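Nothing here was measured: the structure is a model prediction, and the numbers come from that model.
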Amino acid sequence: MSSPPIQWYPGHIAKAEQQLRRNLDKVDLVIEVRDARIPLATGHPHLSRWIKGKQHLLVINRRDMITAEARSAWEAWFKAQGQRTVWCDAKAGTGVKQVQQAAIRAGDQLNERRRNRGMRPRPVRALTLGFPNVGKSALINRLVRQKVVASARRAGVTRTLRWVRLGQDIDLLDAPGVLPPRLDDQQAALHLALCDDIGQAAYDGELVAQAFLRLLMGLHQQQASGVALAVLEGRYGTALSGETEDPALWLQAVAQRHTSADTARMAQRLLDDFRKSALGSIALELPG
């Protein structure tokens, strides 16, 4: 399936990556945050290089936005890779306590090693890392139980690195979202665009909306994805059916009904509806 061209690498992300590399030596634990709807696309290709022997805690946020079947499938898949996952909904606060407990356990192990070497225990230094807009700042605010960092459902809100004290046990370093220098995998880039993890200047909204419709037509055969084409028909009054359906024609027909034939506005409405779960709980990626 072809994807529309998507490329985005703003200067503040390049700067953030430089800052990040300078601070990596100071941290004991990397808390990586990914988006439950696209847990592969939100995995950074440089991560293993950055972790280099540090403890790694994989937090999958927005668990409320996918089906229980998709979550179970991903949990089993990550477990098979030897990777333990903690699932949360940072916006509602669900699962945040488990994230905190897992980080504290990592700190206990660190301090056990320090004591064995005759060193004094200290708070674990944890770095929160992830793509823009996966919910890192919302998670930190939940962990600290107050709004200490700016948080919004759009890419690029956090611009600088800062330390946040989390009780007696953890010092958290909040890093701006980091994207790879180039988005070589255009299917992954499409997933990031759909989940609003990259800025809108990076892509053509209509082409991305059409690619989204093609994705839905492929996914609806997999029950775990949560895609129900009937929901689209009920919401927009036009059926989307079969592999041969032309997304551009469907978008035109729906725009005729809802946005005075303005397909760009209709494309934006469709993407916004997906992003706020108005089309149901949809996993755009499932384990192969």
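Hydrophobic cluster of Trp74: the remaining members, joined at side-chain heavy-atom separations below 4.5 Å, are Leu40, Leu58, Ile60, Ile66, Trp77, Phe78, Trp87, listed by chain and number.
Put simply, the side chain of Gln256 never gets that close to the backbone of Ala261: no donor and acceptor are under 3.5 Å apart. No side-chain donor-acceptor contact under 3.5 Å links Arg63 to the backbone of Arg71. Side-chain atoms of Lys79 do not come within 3.5 Å of backbone N or O of Arg84 as any donor-acceptor pair. Within the 3.5 Å criterion, the main-chain N or O of Phe131 finds a donor-acceptor partner in the side chain of Lys136. With hydrogens and angles disregarded, a donor-acceptor distance shorter than 3.5 Å links the side chain of Arg265 to the backbone of Thr259.
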**OP:** Give the intermediate values and the outcome of side-chain contact (heavy atoms from CB on, under 4.5 Å) for residues Leu172 and Ile140.
**Re:** CA-CA 8 Å; Leu172 271 181; Ile140 288 172; 3.9 Å; yes
Original post:
Going through the checks in order, is the side-chain contact (heavy atoms from CB on, under 4.5 Å) test met by Cys88 and Leu139?
Top reply: CA-CA 9 Å; Cys88 75; Leu139 176 64; 4.2 Å; yes
**OP:** Test side-chain contact (heavy atoms from CB on, under 4.5 Å) on Leu216 and Ile282 and set out the steps.
**Re:** CA-CA 9 Å; Leu216 295 183; Ile282 294 177; 4.2 Å; yes
**OP:** Test Leu129 against His44 for side-chain contact (heavy atoms from CB on, under 4.5 Å), laying out the working first.
**Re:** CA-CA 9 Å; Leu129 187 69; His44 201 292; 5.9 Å; no
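Between Leu57 and Val99, the shortest heavy-atom distance links the atoms CD2-O, 3.9 Å. Summarising the geometry of Pro39 relative to Ala36, their closest heavy-atom pair is CD-O, 3.2 Å, with the distance given to 0.1 Å. Shown here for Ala267 and Ala209, the closest heavy-atom pair between the two residues is CB-CB, 3.6 Å. Nearest approach of Gly135 to Ala90, heavy atoms of both residues: O-CB, 4.2 Å. Among all heavy-atom pairs drawn from Arg275 and Cys195, the shortest one is NE-C, 4.4 Å.
Grouping the Ile, Leu, Val, Met, Phe, Trp and Tyr side chains by contacts below 4.5 angstrom, directly or via other members, places Tyr203 apart from Leu207. Trp163 and Trp50 fall within a single hydrophobic cluster, where Ile, Leu, Val, Met, Phe, Trp and Tyr side chains are chained together by heavy-atom contacts under 4.5 Å.
Contacts of Gln83 classified as side chain to side chain donor-acceptor pair (under 3.5 Å), with partners at least two apart in sequence or in another chain: His56. Scored by the salt bridge (Lys or Arg N to Asp or Glu O under 4.0 Å) test, Asp108 finds no partners at all (sequence neighbours excluded). With sequence neighbours excluded, no residue satisfies side chain to side chain donor-acceptor pair (under 3.5 Å) with Asn111. Annotation: side chain to side chain contact (heavy atoms under 4.5 Å, CB included) contacts of Arg22 (sequence neighbours excluded): Gln18, Gln19. With sequence neighbours excluded, the residues satisfying side chain to side chain contact (heavy atoms under 4.5 Å, CB included) with Thr263 are Glu206, Gln252, Ala255. Listed by chain and number, the residues in a salt bridge (Lys or Arg N to Asp or Glu O under 4.0 Å) with Arg257 amount to none (sequence neighbours excluded). Scanning for salt bridge (Lys or Arg N to Asp or Glu O under 4.0 Å) contacts around Arg34 gives Glu32, with sequence neighbours left out. Residues satisfying the salt bridge (Lys or Arg N to Asp or Glu O under 4.0 Å) criterion with Asp28, sequence neighbours excluded, are Arg122. Applying the side chain to side chain contact (heavy atoms under 4.5 Å, CB included) rule to Ala73 yields the partners Pro287; only residues at least two apart in sequence or on another chain are considered.
Sorted by first and then second residue, the pairs that involve residues 268-288 and meet ring pair (Phe, Tyr, Trp, His ring centres under 6.0 Å), not counting sequence neighbours, are Phe212-Phe274.
Within the 4.5 Å cutoff, the side chain of Leu271 has heavy atoms near those of the Val208 side chain. Counting heavy atoms from C-beta on, the side chains of Ser137 and Asp174 come closer than 4.5 Å. For the pair Ser281 and Met65, the minimum side-chain heavy-atom distance is 4.5 Å or more. With contacts defined as side-chain heavy-atom distances shorter than 4.5 Å, the pair Ile170/Pro123 does not qualify. For the pair Ile31/Leu29, a side-chain contact is recorded, criterion being any heavy-atom separation below 4.5 Å from C-beta on. Considering only heavy atoms from C-beta on, Pro121 stays 4.5 Å or farther from Arg114 through its side chain. Looking only at side-chain heavy atoms (C-beta outward), Leu279 and Leu270 come within less than 4.5 Å of each other.
The CG atom of Leu190 sits 8.0 Å away from atom CG of Leu284, with the distance rounded to the nearest 0.5 Å. Between Lys26 atom NZ and Leu127 atom CG the span is 11.5 Å, to the nearest 0.5 Å.
Between Asp89 and Lys91, no side-chain nitrogen of the basic residue sits less than 4.0 Å from a carboxylate oxygen of the acidic one, so the salt-bridge criterion is not met.
Each of Arg37, Glu285, Gln186 was scored for a side chain to side chain donor-acceptor pair (under 3.5 Å) with His191, with one residue passing: Glu285.
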Distance-only donor-acceptor pairs under 3.5 Å for side chains of residues 225-240, two or more places apart:
| residue | atom | partner | partner atom | Å |
| --- | --- | --- | --- | --- |
| Ser225 | OG | Leu219 | O | 3.0 |
| Ser225 | OG | Gln222 | O | 2.8 |
| Ser225 | OG | Val227 | N | 3.2 |
| Arg235 | NE | Asp273 | OD2 | 2.8 |
| Arg235 | NH2 | Asp273 | OD1 | 3.4 |
| Tyr236 | OH | Asp273 | OD2 | 2.6 |

